[in-house]
Number of protein chains: 2
Amino acid sequence: MRTTGDTRARIVTAATELFRRQGYAATGMKQIVAEAGAPYGSVYHFFPAGKAELGEEVIRVSGAAYLRLIADLFPEPGPRADPALATAEAFTAAARTLRELDYADPCPVATIALEVASTDETLRTAAAEVFDSWIDGLAAYYTACGIAEPAARDLATSVIGLLEGAFMLGRTSRSTRPVLAAATAAAAVVRATRTSVTGA
Amino acid sequence: MRTTGDTRARIVTAATELFRRQGYAATGMKQIVAEAGAPYGSVYHFFPAGKAELGEEVIRVSGAAYLRLIADLFPEPGPRADPALATAEAFTAAARTLRELDYADPCPVATIALEVASTDETLRTAAAEVFDSWIDGLAAYYTACGIAEPAARDLATSVIGLLEGAFMLGRTSRSTRPVLAAATAAAAVVRATRTSVTGA
DNA sequence: GTCTATAAAGGGATAGAC
DNA sequence: GTCTATCCCTTTATAGAC
């Protein structure tokens, strides 16, 4: 059993939670190692390039975890699947999560993405690839439901965007209502896209 | 002519632009006064409570400016107004703005809102009131188009959320496509709400 | 590979001359 | 009311003992 892996993982976990709650710039390396219960030097041992390298790791690890979550929420659809209903249910589940987290950021990438979009190309690109992977995953689901490209990808983009925006409004107002309103709206967009593409 | 007002206004303007580009935590007071061409002491003369007081002023001033922008984009509708079309056009205009700003943050409140939502109640509340004012303004427009409350407010909430989320994806990917996809989606939500409420 | 001490820079805030 | 100098603290990052 190597203890090395534990320390590194604890640092990434602590950084993820702090970045979610406080953002990237407001979170210090010392706070991260304190939260992780690790000595200060460890963070530079595992991330020699410093905070930016740790930030990129956080974005990629969280992004992969959320991709798995999307895959769970939108499983391979059967022939009579209702993508609008599945989408609405994912949003109502997200609203529950938001409340359970006491309105801490349910998306670990959103705050960092806005903070660094104009100032750090490496982190911006990492965040862009993560968002893209989510959109790809969701678009594949809609395609499997019979919605052809490129409509499926635009639909997936709008649904992810709507979720991120609803999280922003929900966190700020400390209310689940924006996310619940978005559930209805997202379902309407899915239905409209389906109608216009399949003519059903 | 008082020169006092100029200095204060320049500080607020500089802070607004820096917060948009770099976020709240990453922007220093010294950088703000340098950008404003003001002496360091001025910022504490006009904002004795320091950075948080300045941040609140930025949120409120920007919020009011954007409320006027919404009022311009969604003028008092005539009897044959098409709210879905007007909404889609507002999004395509927003996409143009995003590109013209070279993907700097078109929304001066979004980044700060996410950064402080869980850490500064005063700033969170200010951001919440700003978002609320935008939703109120847009809901009033949809109401004037014949969509009854509370559907109009939920619709306005979803449209604002969709715009904010699309900005996030657009900034991160340095592309207008998420905002253009959101234009189509927003129009679909407006149409669906109208149909379900008015039965038209 | 773990951990501590410290460097070098920049942060917010303040005092006080003018 | 303008402006400068400085305080004190925290930041990121590094050096080097263990």
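Residue numbers start from 1 in every chain, and the chains themselves are labelled A, B, ... in the order their sequence lines are given, proteins ahead of strands.
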Legend entry - Distance test, side-chain N/O of B/Y40 to OP1/OP2 of D/dT4, below 4.0 Å: no
Inset, instruction - Output yes when at least one side-chain N/O atom of A/Y44 is less than 4.0 Å from OP1 or OP2 of D/dA13, else no. - result: yes
Rounded to the nearest angstrom, tell me the gap between atom [atom1] in [X] and atom [atom2] in [N].
X: A/F47; N: D/dT14; atom1: CZ; atom2: P; answer: 15 Å
X: B/R8; N: D/dT2; atom1: CZ; atom2: P; answer: 12 Å
X: A/F46; N: C/dC3; atom1: CZ; atom2: P; answer: 10 Å
X: A/K51; N: C/dG10; atom1: NZ; atom2: P; answer: 15 Å
X: A/Y24; N: D/dT11; atom1: OH; atom2: C1'; answer: 12 Å
X: A/L54; N: D/dA13; atom1: CG; atom2: C1'; answer: 14 Å

Salt bridge present between [X] and [Y] (N-O < 4.0 angstrom):
X: A/D102; Y: A/R21; result: no
X: B/E121; Y: B/R124; result: yes
X: A/R153; Y: A/D132; result: yes
X: A/R96; Y: A/E100; result: no

Legend entry - Pair of N/O donor and acceptor under 3.5 Å linking C/dG12 base with B/K30 side chain: yes
Inset, instruction - Looking only at side-chain atoms of B/M29, point me to the closest of D/dG1, C/dA13, C/dT2. - result: C/dA13
Inset, instruction - Look at all strands and tell whether B/G41 reaches a base, only sugar-phosphate, or nothing, counting heavy atoms closer than 4.0 Å. - result: base
Legend entry - Contact nearer the 5' end of DNA chain D, comparing A/P48 with A/Q31: A/Q31
Legend entry - Closest-nucleotide ordering on DNA chain C, the 5'-leading residue of A/A38 and B/A26: A/A38
